[in-house]
Amino acid sequence: MAGFVGRLRSALSVRTVARQVFSLQAAIVVLLVVAAVVALLLQSRADSAREARNRSLAVAETFASAPGMAEALAGPDPTAVLQPRAEEARKASGVDFLVVMTTDGIRITHPNPAQIGKNYIGTIGPAVAGGVVRETVTGTLGPSTRAVVPVTDAQGDVIALVAAGVTLESVSGVVDHQLPLLLGAAAAALAVATFGTALVGRRLRRQTHGLGPAEMTRMYEHHDAVLHAVREGVLILDGDGRLALANDEARRLLGLSPDAEGRLAHELDLSPDMARLLASGRPATDEVHLAGDRLLAVNQRPTDPGGGPSGTVATLRDTTELQTVTGRATVAQERLKLMFDAGLEIGTSLDVERTSQELADFAVPRFADYVTVDLADPVLRGEEPSQSGAAMRRVAFRGVRDDTPLYPPGKLIHFVPSTPQSLGYASGEAVLEADMAAFSGWQTQDPERARGLVEAGIHSMIAAPLRARGVILGVVTFWRSRKPEPFEDDDVTLAEQLAARAAVTIDNARRFTREHTMAVTLQRSLLPRALPEQNALEVAHRYLPAQAGSGVGGDWFDIIPLPGARVALVVGDVVGHGLHAAATMGRLRTAVHNFSSLDMAPDELLWHLDELVTRIDQDESGDVAPVTGATCLYALYDPGTQLCTMARAGHLEPVIVRPDGSASFAAVPGGPPLGLSGLPFETVEIRLPEGSSLVLYTDGLVEDRTRDIDEGLELLRRTLARPGRSPDQTCGAVLNAMLADQPSDDIALVVARTRALDDTRTATWDVASEPSAVGQVRAAVTRTMAEWGLEEESFTTELILSELVTNAIRYAAEPVRVRLIRDRSLICEVSDGSSTAPHLRRAATTDEGGRGLFLVAQFADRWGTRYTADGKVIWTEQPLPTGTSDDDR
């Protein structure tokens, strides 16, 4: 390797550019050809191996389903019948072996008759079970790619197996036959590319005149330095005395017209002496000539002494105002650099106080010895400042010393009208106090403190208002003490520029603070303020808005109690930040509440939500960002069955923490984000033992700029894998382990620990489809209500269940079942096998029926219908007397 690198370096070190280009192009062509050959060989081997796998599977399946296979296997000598057929099929199909075996792996046929009756080498378990095996195994014929398929009888039972395969040696042979063709094509490509490279090198050699890279670079550097790097005018005239080239400085000094190039020297409207000098071509050194009102020092030399083209080059230097211009340029450059640095160091964040402190830190000691920044109080809250008074709060201070009588940061200062701060705040213009020791009125703010400032050596100041977009936000005051010269008018201009630049960033921070506060307020008002009362889950939650300058987002969560003591958990995320995302989140949360009240399955609810988002996007104007990209996870937990049904639309998978502390991600099928429309959502049903925890979250918890999302998910799983913690303790542990210092996205976290309805709080009866069963249900309900201590509610409950069971027996289908649940309320459920929902009617005085469901609605607090896979459930809820419900467990 070292020898190859040395030879390559030697080849690249040749003198001319043409040779270097030829060597590099030739090396690149060789590498590309070699890479192409290797890639083609690898692709050919992969294609051959794939073809071998497909062929072996096709031959095995064809032979296994061949007519007469089952009869031959059932015969007295399957080998005698199948061995010739197998060999004929093997030779015709091009495979290396075709083996028929029993379900125990005993060979019935084999290309080598000596192997018949012996065990098959390879995996047959999946094929015995009715599946297909595809593998690469070393068998009696060597390493081979093979497929094993089952042979089934008329009843579909597996009665034998068929294996077909192709040895790897055959596959390699196919590839080896292609090698000469590939090498020949590579050689031809290399020859054509080398010839083209030689033509390019020859052309380049003629155009560069055989020069090397260093020589060409030096020529370019010299040419660039003459035209642009020097602060002098440059004129180049050809052998006929015509102007060939003039740089910008020469055009400025001589006042040349844009079409001056190509004219003779006496045609350039120059002074006679200057024109004669340029036309003569004689050498000159620092000759002073008049050009308008300028005195120019002219130097002129011929261009042909070194063998170059004939002509002259002249340089011009302005000697009249050179020193003055240089001094002013230096000052201007320093101030320009100061303003440039200010743009880089002031306004690095969208925080009002931090931006103000950055202004103070930047100006000390570059411009002043002390800097104070005072802002109107409303600015700190993101509001518009009031122009009625000059009460401001000191938010930033920086000085060469800390022991000064200046007001400390945090103090609210009421500036009197005679102070420069008050004058500047009222007028919007900077105020200069060149001699503070004269006490011209600024001291009336605090005479004792004023004397202390003068005694501390502070002798002059500039109060510049912080004005942005026509609004004055406050005042920045620059104080000078160490430098004996007072501030001047030029310093006032610079102070105003610094204040104006800082004011824009402070106003941006103020506006961001206002919008962020409004968005956070809106979003918090749209999120649940308190957890609803329910017994199915013990729930804790956390919500944290973004803090890293991106603004509040659209993360949200909800806990929704449902009929039958069930609870729905929802978590979602709207893409984007700001008020639009927060408002969209509120619309989606409201929609989920409405859809869940209809008792929909999770996948059906997400489908309706997806349709709603699509309609919202269609109705919005073009100026509003679409909602597409919102994600949602909906989980429905039933404490009676301990089943949790979940579906998700583009959201991250929840984590399930078992009672023993093991944590894993729930395998919820991933649906598309909301708004894509038309794509289905799938559900998963998981049984959660009592005491399990279901953890729902948004991507802001696991995704960070410094951490990959997969790493965040694994860290979350490890953090949750610990038993014995309450949901609130779990939330705290997760945030301590996962939270960044400045989260760039919202974070919503919900931890729900499951509870179960035990037998002491539920009662279930199967009801026969006959009218006499209604009386049996009433009797069972009376006994159960007495056991629960709810005798007073027994009559109402009997009436409700009698009507519901009677309707189920008359109009619905079997099976009919009754369930009684004692939770925070008394829940009655009657399920049947019909999907037809009852309708509430108001019977007339002459009607004999139609009053049953009306009476149920009158006696129950709530009633409704929900559909199941087998039918429907009609439910009612009744309030329980105080002290009898299971509110606290």
Side-chain angles (χ1 to χ4, degrees), residues 15-18 203-337 340:
R15 177 178 176 79
T16 65
V17 174
R203 176 71 175 177
L204 186 60
R205 184 169 57 253
R206 286 201 305 267
Q207 292 186 346
T208 59
H209 301 285
L211 294 177
E215 295 171 330
M216 294 188 64
T217 301
R218 186 165 58 253
M219 289 178 61
Y220 173 80
E221 290 175 348
H222 289 173
H223 181 271
D224 187 72
V226 169
L227 292 180
H228 306 290
V230 298
R231 298 175 59 183
E232 294 181 343
V234 177
L235 298 174
I236 299 178
L237 293 91
D238 58 19
D240 299 329
R242 296 181 181 274
L243 181 63
L245 181 67
N247 68 353
D248 295 339
E249 183 67 7
R251 292 178 180 276
R252 186 186 69 85
L253 294 175
L254 299 177
L256 299 178
S257 61
D259 59 345
E261 293 181 356
R263 295 185 179 183
L264 295 172
H266 60 82
E267 298 175 350
L268 296 178
D269 196 20
L270 302 176
S271 65
D273 292 341
M274 175 74 73
R276 282 195 296 271
L277 173 62
L278 296 178
S280 65
R282 64 178 176 81
T285 302
D286 289 336
E287 289 188 9
V288 178
H289 293 268
L290 183 65
D293 58 350
R294 300 176 183 273
L295 290 176
L296 304 181
V298 182
N299 290 272
Q300 184 168 261
R301 295 289 186 275
T303 58
D304 55 0
S310 60
T312 57
V313 55
T315 61
L316 314 173
R317 185 173 68 253
D318 190 358
T319 61
T320 53
E321 301 177 357
L322 184 59
Q323 188 64 37
T324 303
V325 171
T326 301
R328 291 179 179 177
T330 302
V331 173
Q333 186 177 9
E334 291 176 355
R335 294 199 170 184
L336 184 61
K337 185 177 185 305
F340 176 78

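Heads up: numbering here begins at 1 and tracks the sequence. Note that these values count all heavy atoms, side chains included, but never hydrogens, waters or copies made by symmetry.
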I'd like to check [X] versus [Y] (side-chain heavy atoms, cut-off strictly below 4.5 Å). Are they in contact?
X      : Y      : answer
Leu278 : Leu270 : yes
Leu235 : Leu256 : yes
Val234 : Val313 : yes

Can you name the side-chain hydrogen bond (donor to acceptor under 3.5 Å, both in side chains) partners of [X], sequence neighbours left out?
X      : value
Glu287 : Arg282, His289
Asn299 : Asp286
Asp259 : Ser257, Arg263

Are the side chain of [X] and the backbone of [Y] linked by a donor-acceptor contact shorter than 3.5 Å?
X      : Y      : value
Thr312 : Gly281 : no
Asp240 : Arg242 : no
Arg317 : Ala297 : no

Which pair of non-hydrogen atoms, one from [X] and one from [Y], has the smallest distance, and what is that distance?
X      : Y      : result
Ala275 : Ala265 : O-CB, 3.9 Å
Leu268 : Ala260 : CD2-O, 3.7 Å
Ser310 : Thr303 : C-OG1, 3.6 Å
Gly233 : Glu249 : N-CG, 3.5 Å

Interatomic distance, [X] atom [atom1] to [Y] atom [atom2] [nearest 0.5 angstrom]:
X      : Y      : atom1 : atom2 : value
Asp269 : Met274 : CG    : CE    : 12.5 Å
His266 : Leu264 : NE2   : CG    : 4.5 Å
Leu254 : Leu296 : CG    : CG    : 6.0 Å
Asn247 : Ile236 : CG    : CD1   : 9.0 Å

*asked:* Run Leu316 and Glu232 through side chain to side chain contact (heavy atoms under 4.5 Å, CB included) and show every step you take.
replied: CA-CA 6 Å; Leu316 314 173; Glu232 294 181 343; 6.0 Å; no
*Any Lys/Arg nitrogen of Arg251 or Glu261 sitting under 4.0 Å from an Asp/Glu carboxylate oxygen of the other?*
yes
*How would you list, by chain and number, every residue that makes a salt bridge (Lys or Arg N to Asp or Glu O under 4.0 Å) with Arg301, sequence neighbours excluded?*
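Applying salt bridge (Lys or Arg N to Asp or Glu O under 4.0 Å) to Arg301 gives none.
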*Quick one: list whatever passes side-chain contact (heavy atoms from CB on, under 4.5 Å) with Leu290, sequence neighbours left out.*
Leu295
*asked:* Under the side chain to side chain donor-acceptor pair (under 3.5 Å) definition, can you give me all pairs with a residue in residues 271-281, not counting sequence neighbours?
replied: Asp273-Arg276
